[in-house]
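To keep things clear, I will list the structure first and then write my remarks on it.
Keep in mind the model is a prediction, meaning the values are calculated, not measured. Throughout, numbering of the chain's residues begins at 1 and tracks the sequence. Heavy atoms only: backbone and side chains are in, while hydrogens, waters and symmetry mates are out.
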Amino acid sequence: MTGLPDKDVLLAACRGFPIITDHPMLDAAGELAGLHETRENTPWSALEETDAHRIRLMREIDQWVQLATPVPFPAAKLHTHTMGQVVDQIAQLTVQNYIALTAAPDELFDDARTQLDELGNAYDDLAEDLARGTRRLPQLTTQW
(Lines give C-alpha, C1' and ligand atoms only; values in the text may rest on other atoms or scores of the structure.)
Protein backbone atom coordinates (compact mmCIF):
# COMPACT_ATOMS: atom_id res chain seq x y z
CA MET A 1 0.00 0.00 0.00
CA THR A 2 1.45 3.33 -1.03
CA GLY A 3 -1.45 5.71 -0.38
CA LEU A 4 -3.25 6.70 2.76
CA PRO A 5 -4.96 3.77 4.47
CA ASP A 6 -8.72 3.84 4.94
CA LYS A 7 -10.21 4.25 8.39
CA ASP A 8 -10.82 0.53 8.92
CA VAL A 9 -7.18 -0.36 8.32
CA LEU A 10 -6.04 2.58 10.47
CA LEU A 11 -8.35 1.55 13.33
CA ALA A 12 -7.12 -2.05 13.06
CA ALA A 13 -3.54 -0.80 13.40
CA CYS A 14 -4.50 1.25 16.47
CA ARG A 15 -6.08 -1.88 17.95
CA GLY A 16 -2.86 -3.82 17.42
CA PHE A 17 -3.99 -5.68 14.31
CA PRO A 18 -2.03 -4.21 11.42
CA ILE A 19 -3.32 -5.63 8.16
CA ILE A 20 -0.52 -4.15 6.06
CA THR A 21 3.04 -4.67 7.22
CA ASP A 22 5.81 -2.14 6.74
CA HIS A 23 3.52 0.83 6.25
CA PRO A 24 5.01 3.85 8.05
CA MET A 25 1.68 5.44 8.92
CA LEU A 26 0.13 2.23 10.24
CA ASP A 27 3.25 1.32 12.19
CA ALA A 28 3.23 4.78 13.80
CA ALA A 29 -0.52 4.57 14.52
CA GLY A 30 -0.08 1.28 16.38
CA GLU A 31 2.82 2.69 18.31
CA LEU A 32 0.84 5.84 19.18
CA ALA A 33 -1.98 3.69 20.58
CA GLY A 34 0.57 1.84 22.72
CA LEU A 35 1.90 5.16 24.02
CA HIS A 36 -1.62 6.30 24.89
CA GLU A 37 -2.15 3.07 26.76
CA THR A 38 1.07 3.76 28.66
CA ARG A 39 -0.14 7.30 29.41
CA GLU A 40 -3.24 5.88 31.12
CA ASN A 41 -1.02 4.23 33.75
CA THR A 42 1.72 6.84 34.07
CA PRO A 43 1.79 9.76 36.51
CA TRP A 44 1.76 13.21 34.90
CA SER A 45 5.23 13.89 36.23
CA ALA A 46 6.64 10.97 34.21
CA LEU A 47 5.01 11.66 30.83
CA GLU A 48 7.74 13.78 29.26
CA GLU A 49 9.52 10.92 27.47
CA THR A 50 6.28 9.30 26.33
CA ASP A 51 4.95 12.57 24.94
CA ALA A 52 8.24 13.37 23.23
CA HIS A 53 7.99 10.00 21.49
CA ARG A 54 4.41 10.80 20.46
CA ILE A 55 5.57 14.08 18.92
CA ARG A 56 8.29 12.27 16.95
CA LEU A 57 5.76 9.76 15.62
CA MET A 58 3.30 12.49 14.65
CA ARG A 59 6.04 14.30 12.75
CA GLU A 60 7.02 11.07 11.00
CA ILE A 61 3.40 10.64 9.89
CA ASP A 62 3.28 14.25 8.67
CA GLN A 63 6.48 13.81 6.68
CA TRP A 64 5.30 10.54 5.15
CA VAL A 65 1.89 11.98 4.20
CA GLN A 66 3.56 14.94 2.54
CA LEU A 67 5.52 12.53 0.34
CA ALA A 68 2.61 10.14 -0.28
CA THR A 69 -0.01 12.67 -1.36
CA PRO A 70 -0.10 14.98 -4.36
CA VAL A 71 0.74 18.65 -4.04
CA PRO A 72 -2.56 20.35 -3.23
CA PHE A 73 -4.16 22.85 -5.57
CA PRO A 74 -3.26 26.45 -4.70
CA ALA A 75 -6.84 27.15 -3.57
CA ALA A 76 -7.08 23.99 -1.43
CA LYS A 77 -8.64 24.60 1.97
CA LEU A 78 -6.38 24.31 5.00
CA HIS A 79 -7.27 21.58 7.49
CA THR A 80 -7.10 22.47 11.18
CA HIS A 81 -4.75 19.64 12.20
CA THR A 82 -1.79 17.83 10.75
CA MET A 83 -2.33 14.18 9.80
CA GLY A 84 -0.05 13.21 12.68
CA GLN A 85 -2.35 15.00 15.09
CA VAL A 86 -5.42 13.33 13.56
CA VAL A 87 -3.87 9.85 13.83
CA ASP A 88 -2.79 10.59 17.41
CA GLN A 89 -6.38 11.53 18.29
CA ILE A 90 -7.67 8.33 16.69
CA ALA A 91 -5.10 6.30 18.63
CA GLN A 92 -6.11 8.01 21.87
CA LEU A 93 -9.82 7.43 21.27
CA THR A 94 -9.14 3.80 20.38
CA VAL A 95 -7.50 3.28 23.77
CA GLN A 96 -10.32 5.13 25.52
CA ASN A 97 -12.83 2.87 23.72
CA TYR A 98 -11.04 -0.21 24.99
CA ILE A 99 -11.03 1.16 28.55
CA ALA A 100 -14.74 2.06 28.30
CA LEU A 101 -15.53 -1.39 26.89
CA THR A 102 -13.84 -3.13 29.80
CA ALA A 103 -14.69 -0.88 32.71
CA ALA A 104 -17.33 1.74 31.98
CA PRO A 105 -21.12 1.80 31.88
CA ASP A 106 -22.70 1.13 28.50
CA GLU A 107 -23.58 4.80 28.00
CA LEU A 108 -19.93 5.86 28.26
CA PHE A 109 -18.85 3.11 25.88
CA ASP A 110 -21.54 4.17 23.39
CA ASP A 111 -20.36 7.78 23.59
CA ALA A 112 -16.72 6.79 23.13
CA ARG A 113 -17.59 4.52 20.20
CA THR A 114 -19.63 7.27 18.54
CA GLN A 115 -16.75 9.74 18.90
CA LEU A 116 -14.33 7.26 17.37
CA ASP A 117 -16.71 6.48 14.49
CA GLU A 118 -17.14 10.19 13.75
CA LEU A 119 -13.40 10.84 13.89
CA GLY A 120 -12.78 7.82 11.64
CA ASN A 121 -15.27 9.17 9.10
CA ALA A 122 -13.65 12.61 9.27
CA TYR A 123 -10.26 10.95 8.68
CA ASP A 124 -11.62 9.17 5.57
CA ASP A 125 -12.97 12.48 4.25
CA LEU A 126 -9.63 14.17 4.88
CA ALA A 127 -7.69 11.34 3.21
CA GLU A 128 -9.93 11.58 0.13
CA ASP A 129 -9.51 15.37 -0.03
CA LEU A 130 -5.73 15.03 0.25
CA ALA A 131 -5.65 12.43 -2.52
CA ARG A 132 -7.65 14.78 -4.77
CA GLY A 133 -5.50 17.79 -3.83
CA THR A 134 -8.48 19.75 -2.54
CA ARG A 135 -7.23 19.96 1.05
CA ARG A 136 -3.87 20.89 2.49
CA LEU A 137 -2.40 20.29 5.90
CA PRO A 138 -0.71 22.81 8.19
CA GLN A 139 3.06 22.73 8.25
CA LEU A 140 4.14 23.01 11.88
CA THR A 141 7.69 24.04 12.64
CA THR A 142 7.46 23.94 16.43
CA GLN A 143 6.48 21.29 18.93
CA TRP A 144 2.80 20.91 19.76
Practice task
Quick one: do E40 and V95 satisfy side chain to side chain contact (heavy atoms under 4.5 Å, CB included)? Show the steps, please.
Solution key: CA-CA 9 Å; E40 291 294 327; V95 170; 4.1 Å; yes
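- Side-chain contact, D88 with H36: a donor N or O sits under 3.5 Å from an acceptor N or O.
- Taking both residues in full, the closest heavy atoms of P138 and H81 are given as CD-O, 3.4 Å, listed atom of the first, atom of the second, then distance.
- The CG atom of D129 lies 10.0 Å from the CG atom of L137; values are rounded to the nearest 0.5 Å.
- Other residues sharing the hydrophobic cluster of V71, ordered by chain and number and joined by side-chain separations under 4.5 Å: none, the residue standing alone.
- The side-chain hydrogen bond (donor to acceptor under 3.5 Å, both in side chains) check on R15 picks up nothing, with sequence neighbours excluded.
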Which donor-acceptor pairs under 3.5 Å do the side chains of residues 45-53 make with protein atoms, sequence neighbours left out?
unit_1, atom_1, unit_2, atom_2, d
D51, OD1, R39, NE, 2.7
D51, OD1, R39, NH2, 3.4
D51, OD1, R54, NH1, 2.8
D51, OD2, R39, NH2, 3.1
H53, NE2, E31, OE2, 2.7

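- Going from atom CG of D125 over to atom CG of L130 covers 11.0 Å, rounded to the nearest 0.5 Å.
- A distance of 11.5 Å separates CG of D110 from CD of Q115, quoted to the nearest 0.5 Å.
- When all heavy atoms of A29 and A91 are compared, the pair lying nearest together is O-CB, 4.1 Å.
- For the side-chain hydrogen bond (donor to acceptor under 3.5 Å, both in side chains) test, no residue two or more places apart in sequence or in another chain qualifies with N97.
- Q85 CD to I55 CD1: the interatomic distance, rounded to the nearest 0.5 Å, is 10.0 Å.
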Practice task
In sequence, state the C-alpha distance, the side-chain angles, and the governing distance for K77 and T134, and then conclude on side chain to side chain contact (heavy atoms under 4.5 Å, CB included).
Solution key: CA-CA 7 Å; K77 292 181 181 180; T134 59; over 6 Å; no
Exercise for the section: Verify side chain to side chain contact (heavy atoms under 4.5 Å, CB included) between R135 and E128, making sure each step is shown before the conclusion. Expected result: CA-CA 9 Å; R135 178 76 61 173; E128 288 175 15; over 6 Å; no
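- T94 and C14 make their closest contact through OG1-CB, 3.7 Å (heavy atoms, listed as atom of the first residue, atom of the second, distance).
- Under the side-chain contact (heavy atoms from CB on, under 4.5 Å) criterion, P24 pairs with W64, sequence neighbours left out.
- For the atom pair CD of E37 and OG1 of T42, the computed distance is 10.5 Å after rounding to the nearest 0.5 Å.
- Atom-to-atom distance recorded for E118:CD and R113:CZ is 11.5 Å, nearest 0.5 angstrom.
- Two residues are said to be in side-chain contact when any heavy atoms from C-beta on lie closer than 4.5 Å; H79 and L126 meet this criterion.
- L32 and Y98 are members of different hydrophobic clusters when ILVMFWY side chains are connected at heavy-atom separations under 4.5 Å.
- By the side-chain contact (heavy atoms from CB on, under 4.5 Å) test, Y123 is found to be paired with L4, P5, K7, L10, M25, M83, V86, I90, A127, residues two or more places apart in sequence or in another chain being considered.
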